[in-house]
Amino acid sequence: MPKKTTISLIKCDVGSLAGHHVVPKPLLSIGEKNLRKAKENGLINSYYVFNVGDDLQLLMVHEKGESNPEIHQLAWNTFQEAANKALQLKLYGAGQDLLKNAFSGTVRGLGPGVAGMEIEERKSDPIIVFAADKTSAGSFNLPLFRIFADPMSTAGLVIDPNMAGGFKFEIVDAKEGKKVVVKCPEEMYELIALIGTVERYIISRVWRARDDLICASGSVTRLSLIAGKYVGKDDPVMIVRAQHGLPAVGEVLAPFMHSYLVAGWMRGSHWGPVMPVGLKDARCTLFDGPPRMVALGFQVSNGAIASDDDGKPMIADLFADPAFELARKEASQYAAMLRRMGEFEPARLSVESMEYTTLPQVIEKLKERFKPI
Ligand code: F6R
Ligand code: MG
Ligand code: MG
């Protein structure tokens, strides 16, 4: 059996500075310390700790497989420790996403978001991880469609014979707890029929059809469905593999030339524009947003992130580029347009989504005063 490499990105809102704005240094340091130790002990081969807004992100590359309990335990312990520190510092929302204290081998279903991908390393394997704050899992549906199914966006679908067979998409129905696999280009219309409903149908995996090569994997957590009420965003993460018979890095990034609307933003109750940013700007401000997204590129090499001469993982901060200035400008313009509408739909989410917020409590107060007409 050839050796396999696993990329795990596990994230959690453990508490933040100045409201839901940003993960401060002391919490990031706990992530650094624990992952460094795990590397020294040989559990993981490399790591990168970062944040997008108020979410602490643990990127780990190892050889233990996607659902390894030791890896999940490492993430869980790190989030617990960071949440305790947040509590001590009286940071805001300490332990926000640690919804259930019932760890038994996996963080899935307990609050943190998880994306994992186990691969057989190719001769050279470029990987991009995406992470977003103040939005929800379905926010990758549109770009994933563009990347792997839209020939007007990914030139390789037309030009590269290795992609001619198309791609298969696994879609999770977050409401019914079911999943289905749909193949493109043959079932493109059916795919769009489903994933256009971004709050319910979420693309969880993508494979190249001709050989079932895994090429994308995303988180599908819906915190409100775990908790039964609004408890914060399901700020999503996603891993994409690129090049050599897969969409090129530039094709993976092309859909982000323009901003688009996603569910989340203030109080998880509004449509808001995605703003692709570099790590230094991955902090939410205006109306607790606009929703930020980062894209980090790296190469996997012998079970690790390819590193420089000092042993530091080499990470490319892909959205920290003037090429995404247009999308950022559009995001600001869309934000202004939507906020002009205040609490009127469609700036605010649909009534079905608002069910999970505190809005029904407000309406409840008027219940007795309604008279038949
Ligand atoms: C939470 C979030 C925020 C909050 C908002 C109100 O992830 O993104 O938009 O929903 O700041 O927060 P509370 O109710 O904690 O004052
Ligand atoms: Mg928060
Ligand atoms: Mg968040």
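Residues: numbered from 1 along the sequence shown. Just so you know, ligand 1 is whichever comes first in the structure, and atom 1 is the first atom listed for that ligand.
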Query - the Mg ion (ligand 3) contact by Asp13, N, O or S atom under 2.8 Å - result: no
Query - Exercise: do Thr78 and Asn34 side chains pair donor with acceptor under 3.5 Å - result: yes
Query raised in the report: Does a donor on one side chain sit under 3.5 Å from an acceptor on the other, for Thr6 and Glu66?
Result: no
Report task. Report the part of His20 in contact with ligand 1, treating N, CA, C, O as backbone and CB onward as side chain, heavy atoms under 4.0 Å; options are side chain, backbone, both, neither. Result -> side chain
Requested in this report: Please check if any side-chain donor atom of His72 sits under 3.5 Å from a side-chain acceptor atom of Thr106, or the reverse.
Outcome: yes
Query raised in the report: Is the distance from the Mg ion (ligand 2) to some N, O or S atom of Asp97 under 2.8 Å?
Result: no
Query - Metal-centred angle, OD2 of Asp235 through the Mg ion (ligand 3) to OD1 of Asp133, rounded to 10 degrees - result: 90°
Report summary line: Which atom of Asp54 is nearest the Mg ion (ligand 3), counting N, O or S only? It is OD1
Query raised in the report: Do you see a donor-acceptor pair shorter than 3.5 Å between the side chains of Gln73 and Asn77?
Result: yes
Query raised in the report: Is the shortest N/O to N/O distance between Tyr92 and ligand 1 below 3.5 Å?
Result: yes
Query raised in the report: Using 30° and 60° as the class limits, which term best fits the ring planes of Phe130 and Phe319: parallel, tilted or perpendicular?
Result: tilted
**Report entry** Phe287 six-ring centre to Arg339 NZ/CZ under 6.0 Å and within 45° of normal
**Finding:** yes
Requested in this report: Could you pull out the atom name of the N/O/S atom in His20 that is nearest the Mg ion (ligand 2)?
Outcome: ND1
Report task. Assess Gln96: does it contribute an N, O or S atom lying under 2.8 Å from the Mg ion (ligand 2)? Result -> yes
Query raised in the report: Short check: any N/O/S atom of Asp55 below 2.8 Å from the Mg ion (ligand 2)?
Result: no
Query raised in the report: Looking just at side-chain N and O atoms, do Gln299 and Asp125 make a donor-acceptor pair shorter than 3.5 Å?
Result: no
